[in-house]
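The structure appears below as structure tokens.
Every value quoted in this text rests on a predicted model; they were computed, and no experiment measured them. Quick note: numbers below take in every heavy atom, side chains included, and nothing from hydrogens, waters or symmetry partners. Heads up: numbering here begins at 1 and tracks the sequence.
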Amino acid sequence: MMGKSQLNDIIEGEIQTIAFGGEGILRYRGFVVFVPFTAIGDKITCRLIEIKKSFAKGELVSIERASPQRTQPLCPYFGTCGGCQIQHLNDQAQLNYKQHAVLDALKRIGHISLPPPKIIPAQLKWAYRRHITLHMRPTENGFEMGYIGVDNRSLITIQTCPIFNSPDDAIVKQLREFIHTLPNPGRQEGRVTILKNQKDRYILSFQFSSLQGLQNRLFQSALQNYPAFVGILVYSPQEQWQFGDPYCEQKVEGLLFRFTPQAFVQNHPEQSANIYRQICSVTAHQTGKQILDLYCGFGITSLLLARQGHQVTGMEFNPEAIKFAQENSQLNHLKQAQFIQGDVEKILPKWLKGHEKPHLILVNPPRTGLSKGVIHTLLQANPNEIIYVSCMPSTLARDLAFFYAKDYEIQQCVIYDMFPQTAHVETFIYLKRKKKNITVQSLLRGD
């Protein structure tokens with residue numbers, strides 16, 4: 001227990017560091033207290049709202065002395081909306097936090113110590129997101145929509161989202177007007193993704209458990225009533241409707257890519273392009289290498305590497321993404337890239353048995369990182385080089401520990417501020433297998 005402290009006790013202290021996730025850490029009577037929306041150097045008063053055996057959580061009551069790392073948040077919903085965690089930190093403080101988050105995870109979880117790696121700041125820090133997803137809940141007149149609040153329950157209705165669009169952009173207001181007209185006899189919930197197609201034009205993707213009771217004519221008429229809507233997808237596990245043109249086009253390093261909201265796309269165009277260039281720089285002076293691109297999405301990295309003259313095989317579970325990867329291969333006349341749909345853990349071992357050993361394997365997994373099965377298969381494949389792109393420092397560090405144990409070393413580590421104003425961070429890791437010292441004894445053994 002935390003001494004004699006109890007729930008709702010008011011305590012004071014100074015924030016010493018920021019934990020991954022954006023919460024400030026205050027030490028009170030030898031106990032760690034996590035307090036969101038605080039900055040290093042803040043002297044604060046907080047209320048204890050949760051007490052565990054090894055830590056507690058606090059709710060900020062007041063700031064007695066503000067840290068110089070603070071700035072005024074731009075978003076009116078900051079502090080109640082759960083989307084952003086560190087808008088109150090100035091630009092340099094945000095970068096420092098993200099660099100520390102990666103280094104701390106590598107050392108604490110992966111037992112890997114590195115000098116402070118290079119961090120690439122984003123030039124575009126507001127209105128940068130390519131897409132957002134809003135939750136939809138039933139009301140008396142159709143649906144209401146918004147972000148989930150910091151309490152993980154409340155629906156925070158918004159008029160705009162500063163990291164997605166400008167205050168004078170009416171897309172959110174128009175979308176709210178439209179969903180109020182949708183019938184909802186089953187009182188079901190849903191989600192809607194807004195994807196930027198081009199300036200002031202958007203593609204909408206609605207997801208429901210069932211389309212029963214919804215009227216497809218209303219979605220069709222929305223395209224006439226709201227010119228900013230250029231395409232609409234409506235789908236459930238059983239069926240899908242399509243209206244207008246739901247396809248988005250994106251140019252990356254001179255190649256053209258087509259996709260819909262059903263295929264994952266990185267949210268920050270500027271920073272994702274920087275990462276693609278970093279990947280291509282590793283292979284720029286090589287030719288004709290066998291490369292595996294795991295979790296390849298709709299084929300951006302695969303096709304950029306194929307253009308360099310490499311034989312690339314992309315693997316991805318999402319059938320829609322693979323369909324677009326194959327189309328994008330034809331669109332850009334790059335036959336050196338092949339794409340396979342399926343669970344990477346299942347299809348990777350089969351592919352490796354029938355093909356030449358890959359020289360380089362690129363992985364860009366979801367936040368959960370690589371499964372033990374995939375790691376085991378990668379280590380058996382024993383490629384000379386591995387590129388790991390991660391959006392989660394903890395799972396990245398966990399996975400790298402396995403590669404370190406099998407004689408891989410980090411050649412490059414670059415951190416990208418892919419998600420300004422939020423606690424998330426993207427990390428590029430380039431691993432290379434150590435060269436074994438050749439001795440007379442090893443030659444005699446046939447090593």
Side-chain angles (χ1 to χ4, degrees), residues 37 70-91 94 121-137 139 141-150 154-182 190-206 218-219 221-233 243-251 260-261 265-273 417-422 424:
F37 312 120
R70 280 190 164 272
T71 190
Q72 183 62 36
L74 185 64
C75 180
Y77 312 105
F78 180 70
T80 57
C81 169
C84 293
Q85 301 81 28
I86 57 172
Q87 272 193 39
H88 62 292
L89 300 183
N90 62 36
D91 292 346
Q94 290 195 24
Q123 299 302 309
L124 190 61
K125 299 177 175 65
W126 298 99
Y128 65 85
R129 287 187 67 99
R130 191 180 269 125
H131 54 83
I132 58 173
T133 297
L134 301 172
H135 294 260
M136 300 170 58
R137 288 183 177 172
T139 65
N141 299 311
F143 295 89
E144 187 54 276
M145 70 177 193
Y147 287 121
I148 300 299
V150 294
S154 305
L155 188 72
I156 309 300
T157 58
I158 63 171
Q159 297 297 322
T160 186
C161 176
I163 63 172
F164 176 65
N165 61 347
S166 60
D168 58 351
D169 184 353
I171 178 64
V172 176
K173 178 183 177 182
Q174 293 175 353
L175 182 55
R176 174 175 289 108
E177 289 176 355
F178 169 62
I179 67 170
H180 281 169
T181 69
L182 293 177
R191 297 194 304 171
V192 56
T193 295
I194 312 174
L195 172 67
K196 294 176 183 174
N197 186 23
Q198 53 185 331
K199 185 174 174 60
D200 300 326
R201 294 294 182 269
Y202 298 91
I203 297 167
L204 307 179
S205 177
F206 291 87
L218 294 178
F219 293 97
S221 62
L223 297 178
Q224 282 74 49
N225 297 335
Y226 301 99
F229 303 175
V230 295
I232 299 176
L233 288 170
F243 309 94
D245 182 6
Y247 298 94
C248 188
E249 290 190 349
Q250 173 190 358
K251 271 199 169 182
T260 68
V265 60
Q266 292 282 11
N267 238 321
H268 201 302
E270 166 207 337
Q271 289 289 59
S272 56
D417 187 13
M418 180 82 83
F419 316 96
Q421 320 310 328
T422 81
H424 306 295

For P269, is there any backbone N or O sitting under 3.5 Å from a side-chain donor or acceptor partner on Q271?
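Pair absent, no side-chain N/O of Q271 close to backbone of P269.
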From [X] atom [atom1] to [Y] atom [atom2], the distance as rounded to the nearest 0.5 Å:
X	Y	atom1	atom2	result
M418	Q266	CE	CD	4.0 Å
D245	T260	CG	OG1	10.5 Å
C81	I158	SG	CD1	7.0 Å
R137	S154	CZ	OG	7.5 Å
W126	I163	CH2	CD1	8.0 Å
Y147	T80	OH	OG1	12.0 Å

Side chain proximity check, [X] to [Y], heavy atoms < 4.5 angstrom:
X	Y	value
E144	H180	yes
F419	Q94	no
L195	Y202	no
Q250	R130	yes
N197	Y247	no
L204	I194	yes

Which pair of heavy atoms, one from [X] and one from [Y], lies closest together, and at what distance?
X	Y	result
H131	V265	NE2-O, 3.0 Å
L74	Q87	N-OE1, 3.2 Å
L223	G231	CD2-N, 4.0 Å
A127	S166	CB-N, 4.4 Å
P261	L233	CD-CD1, 4.0 Å
Y128	H268	CD1-CD2, 3.2 Å

Aromatic ring proximity F78/F37, centre distance under 6.0 Å:
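For F78 and F37, the ring centres are under 6.0 Å apart.
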Step-by-step side chain to side chain contact (heavy atoms under 4.5 Å, CB included) determination, I148 to L155:
CA-CA 5 Å; I148 300 299; L155 188 72; 4.3 Å; yes
Going through the distances and angles, do I179 and F206 end up as a side chain to side chain contact (heavy atoms under 4.5 Å, CB included)?
CA-CA 10 Å; I179 67 170; F206 291 87; 3.9 Å; yes
Test N225 against Q174 for side chain to side chain contact (heavy atoms under 4.5 Å, CB included), laying out the working first.
CA-CA 10 Å; N225 297 335; Q174 293 175 353; over 6 Å; no
Classify the ring geometry between Y226 and F178 as parallel (under 30°), tilted (30 to 60°) or perpendicular (over 60°).
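Perpendicular, since the angle between the ring planes exceeds 60°.
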Taking atom types as modelled, find out whether D169 and T160 have a side-chain donor-acceptor pair closer than 3.5 angstrom.
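Not at all, the side chains of D169 and T160 share no donor-acceptor pair under 3.5 Å.
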